[in-house]
Amino acid sequence: METMTSATSQISNKELIEKQRKYIHSGGLRSIEERKRVLQTLRDAIKSYEEAIIEAVAKDMGRPSLEAYASEILYMYNEIDHAIRNISKWAKKKRVSLPWLLIPGRAHLIPQPYGSVLVISPWNYPVQLSLSPIVGAIAAGNAVILKPSEIGGYAEAVLREMINKTFPPELFHVITGDKDVTMNLIHSAPDYICFTGSPAVGKIIMQEAAKNLIPVTLELGGKSPCIVHDDVNMDAIMNRILWGKCFNAGQTCIGIDYVLVQKKVKDAFVSKFIEFKNKAYGEDTIQSPDFGRIINEKNFDRIAGMISGNILSGGKTDRSQKFIDITLIDADENHPAMQEEIFGPLMPILTYDIIEEAINFILKREKPLALYLYSNDKAVQEKVEESTYSGSLAINNTLLQVATTTLPFGGVGNSGMGSYHGKFGFETFSHMKPVLNKSLKLDSDLLYAPYKNTMRKLEKWALWLSR
Ligand code: NAD
């Protein structure tokens, strides 16, 4: 399949990967200063495409400019600046101690790039989720091929133009297309794959990568719950909860999928939710300039089809505008909105009596990408932290764990494997190669044949060591 085009040549994905591998193996990004320069060039490219990026995500999914600027642009500046400041420290060889048997000698770990890294990204935060893993990959000294999502084609086109005009293909190149293009790229055997998307496609990617034993990082999704305990002040928490549901019209992998509210505060929660929703987006949400749209008709139909039963607030839809209202649904575990990840602005509300009930509800399901807890009770905080399993846990906050360069971002179980952001991205895209450097000055004949008498000597040493 001929996919990479330039002014003068057309080469296959396999040839492109080989070219990238050669570039890295010949020391293309061995210098830390060169990696910093490449990251700065990426930052400058984003800067000159700011308007185009904001316009593209507005066209793709009606994203308000402020949301676009914060999540696609500022976010990337923060990630890049943090990497530039810290690569020298991350890339240092790490000395390790040696057992007495190997003395005199020295040992260390040297972080080395894999070679050509393939990044496959989704449509919902097209710039952030494409470029943020790439910052880690480049910081670690890899070349990169990006395959952005073909859904919401405006952002895809901006990414292709921005990157392919800025970087030579042996360093960083964007290839666009559908799933056949993705498959061809995987079968062309890159050295590492980082996939962000749904668990269903994640399984396909891993299966195909396994054919060439390509290591993978999988950043997946699922239903992220939010527990609201009775001790919290509803006025203090509601903006955070509403924002965690409505940012990007609910199309956020770590957005709140459903709430588990303690029964005695359910009515207070519902009335505050409606009050705050009206304050933020008005009584007729479709008129609000601050609320986005669903990416396409397919997802609109899927999400709209979940609206049923006892609707506590919202419920309006408009297919011509791909608009779905912020909709609070009185639900139980059998409700249609509780059967799969919603990825839209519906909020099923379920109740519990004691915290153990909420914990067991979560434990019975797939491990979520994020878990949110609203409570000031230290005992409840500790119980939830220790007895639940999720990619991340945020207490009295929503979404912001992802914007913290000092915390790893990733899932566990069905929500993914591996992580990135800051130094965790550097480590993900590095092979920590152990190096043993043994002095020739002393040697022990214990190791070498003939083995006559060696066993007794070794047993004696083992006995002495175990004292
Ligand atoms: P998706 O899995 O449908 O697509 C992701 C990527 O895979 C795209 O580039 C697409 O072109 C490619 N793809 C799709 N089907 C394929 C196939 N059969 N074979 C090979 N490649 C294929 O996901 P999406 O709809 O773009 O995004 C929504 C999902 O992603 C949600 O589940 C969400 O939770 C998850 N997500 C996770 C994160 C995270 O950081 N963990 C971030 C955003 C989205």
Side-chain angles (χ1 to χ4, degrees), residues 3 13 57 60-61 71-72 75 79 118-134 136 145-153 155-156 159-160 174-188 193-209 211 214 216-225 247-257 294-300 302-303 340-344 366-371 390-392 399 401-403 407-421 424-425 428:
T3 37
N13 292 332
V57 293
D60 280 337
M61 59 198 115
S71 62
E72 309 281 6
Y75 181 96
E79 190 77 26
L118 170 63
V119 172
I120 306 165
S121 60
W123 52 263
N124 60 331
Y125 292 93
V127 176
Q128 180 199 131
L129 294 172
S130 298
L131 300 185
S132 176
I134 287 169
I145 295 173
L146 167 64
K147 210 306 282 175
S149 176
E150 69 280 23
I151 296 176
E156 180 198 39
L159 279 165
R160 185 180 52 214
V174 175
I175 289 183
T176 53
D178 60 8
K179 63 178 194 293
D180 294 338
V181 171
T182 312
M183 281 303 148
N184 182 269
L185 279 163
I186 297 173
H187 296 153
S188 303
I193 296 173
C194 177
F195 168 82
T196 303
S198 59
V201 178
K203 287 175 193 169
I204 300 173
I205 302 290
M206 191 165 173
Q207 209 166 18
E208 296 305 312
K211 291 178 182 163
I214 305 166
V216 290
T217 290
L218 300 178
E219 300 287 339
L220 311 177
K223 293 180 85 63
S224 294
F247 202 83
N248 203 19
Q251 300 165 110
T252 302
C253 57
I254 52 163
I256 297 173
D257 190 276
I294 302 304
I295 184 78
N296 55 19
E297 277 80 12
K298 187 174 164 217
N299 268 4
F300 173 91
R302 185 184 61 77
I303 301 163
E340 60 177 85
E341 182 181 4
I342 299 168
F343 221 55
E366 298 285 8
K367 291 173 185 156
L369 184 58
L371 172 60
S390 54
S392 63
L399 305 187
Q401 74 274 27
V402 75
L407 287 174
F409 176 68
V412 58
N414 198 62
S415 55
M417 59 183 74
S419 63
Y420 67 103
H421 284 192
F424 304 97
T428 287

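Order of appearance sets the numbers: ligands from 1, and atoms from 1 within every ligand.
- Proximity of Asp178 to ligand 1, defined as any heavy-atom pair under 4.0 Å, is not found for any part of the residue.
- Between the side chain of Lys223 and the main chain of Glu340, a donor-acceptor pair closer than 3.5 Å is present.
- Residues forming a side chain to side chain contact (heavy atoms under 4.5 Å, CB included) with Glu156 (at least two apart in sequence, or on another chain): Pro148, Glu150, Thr176.
- Polar contact with ligand 1: absent for Thr196 (N/O pair, distance under 3.5 Å).
- For the residues Glu150, Met183, Lys298, the heavy atom positioned nearest atom 11 (O) of ligand 1 is part of Glu150.
- Which of Cys253, Ser198, Gly202, Gly221 comes nearest to atom 38 (C) of ligand 1 through a heavy atom is settled by distance: it is Cys253.
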Report task. Quick one: do Ile254 and Gln401 satisfy side-chain contact (heavy atoms from CB on, under 4.5 Å)? Show the steps, please. Result -> CA-CA 9 Å; Ile254 52 163; Gln401 74 274 27; 4.2 Å; yes
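- Which of Pro126, Gly391, Gly197 comes nearest to atom 30 (O) of ligand 1 through a heavy atom is settled by distance: it is Gly197.
- Nearest protein heavy-atom contact of atom 40 (O) of ligand 1 is Phe409 CE2, 3.2 Å.
- At least one heavy atom of Ser121 sits closer than 4.0 Å to an atom of ligand 1.
- Remark: the backbone N or O of Gly222 is paired with a side-chain donor or acceptor of Glu341 at under 3.5 angstrom.
- Contacts of Phe343 with ligand 1, taken as heavy-atom pairs under 4.0 Å, involve the side chain alone.
- Between the side chain of Asn296 and the main chain of Ile151, no donor-acceptor pair closer than 3.5 Å is present.
- Numbered from 1 in the order shown, with element, the atoms of ligand 1 that lie under 4.0 Å from a heavy atom of Thr182 read 20 (C), 21 (N).
- Regarding atom 7 (O) of ligand 1, its nearest protein heavy-atom neighbour is Phe195 CE1, 3.3 Å.
- Between the side chain of Lys367 and the backbone N or O of Ser415 there is no donor-acceptor pair closer than 3.5 Å.
- Between Met61 and Asn248, the shortest heavy-atom distance links the atoms SD-OD1, 3.6 Å.
- The side chain to side chain contact (heavy atoms under 4.5 Å, CB included) test with Thr182 singles out one residue from Ile193, Leu118, Ile120, and that residue is Ile120.
- Summary of contacts: the protein heavy atom closest to atom 25 (O) of ligand 1 is Trp123 NE1, 3.0 Å.
- The shortest N or O to N or O distance between Ser415 and ligand 1 is not under 3.5 Å.
- Gln251 places no side-chain N or O within 3.5 Å of a backbone atom of Asn124 that could act as its donor or acceptor partner.
- Legend: residues meeting side chain to side chain contact (heavy atoms under 4.5 Å, CB included) with Leu220, ordered by chain and number and at least two apart, are Phe195, Pro199, Leu218.
- Contacts with ligand 1 closer than 4.0 Å are made by side-chain heavy atoms of Val201 only, the backbone lying farther away.
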Requested in this report: Quick one: do Leu399 and Phe247 satisfy side-chain contact (heavy atoms from CB on, under 4.5 Å)? Show the steps, please.
Outcome: CA-CA 9 Å; Leu399 305 187; Phe247 202 83; 4.0 Å; yes
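- Taking every non-hydrogen atom of Leu129 and a distance limit under 4.0 Å, the qualifying atoms of ligand 1 come out as 42 (C), 43 (C).
- Heavy atoms of Leu220 come nearer than 4.0 angstrom to ligand 1 in at least one pair.
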Report task. For the pair Ile186 and Lys211, evaluate side-chain contact (heavy atoms from CB on, under 4.5 Å) and give the outcome as yes or no after the intermediate values. Result -> CA-CA 10 Å; Ile186 297 173; Lys211 291 178 182 163; over 6 Å; no
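- Under 4.0 Å from ligand 1, the heavy atoms of Leu369 that appear belong solely to its side chain.
- Scanning the protein for heavy atoms near atom 31 (C) of ligand 1, the closest one is Glu341 OE1, 3.5 Å.
- The nearest protein atom to atom 27 (O) of ligand 1, hydrogens excluded, is given as Pro122 CB, 3.6 Å; this is a heavy-atom distance.
- Distance check for atom 21 (N) of ligand 1: a protein heavy atom is found below 4.0 Å.
- For ligand 1, the polar-atom distance check against Tyr420 finds no nitrogen or oxygen pair separated by under 3.5 Å.
- Partner of Phe409 under the side chain to side chain contact (heavy atoms under 4.5 Å, CB included) criterion, chosen from Ser419, Cys253, Ser132: Cys253.
- Note: no N/O pair closer than 3.5 Å links Lys179 and ligand 1 by distance alone.
- Nearest protein heavy-atom contact of atom 12 (C) of ligand 1 is Ile120 CG2, 4.3 Å.
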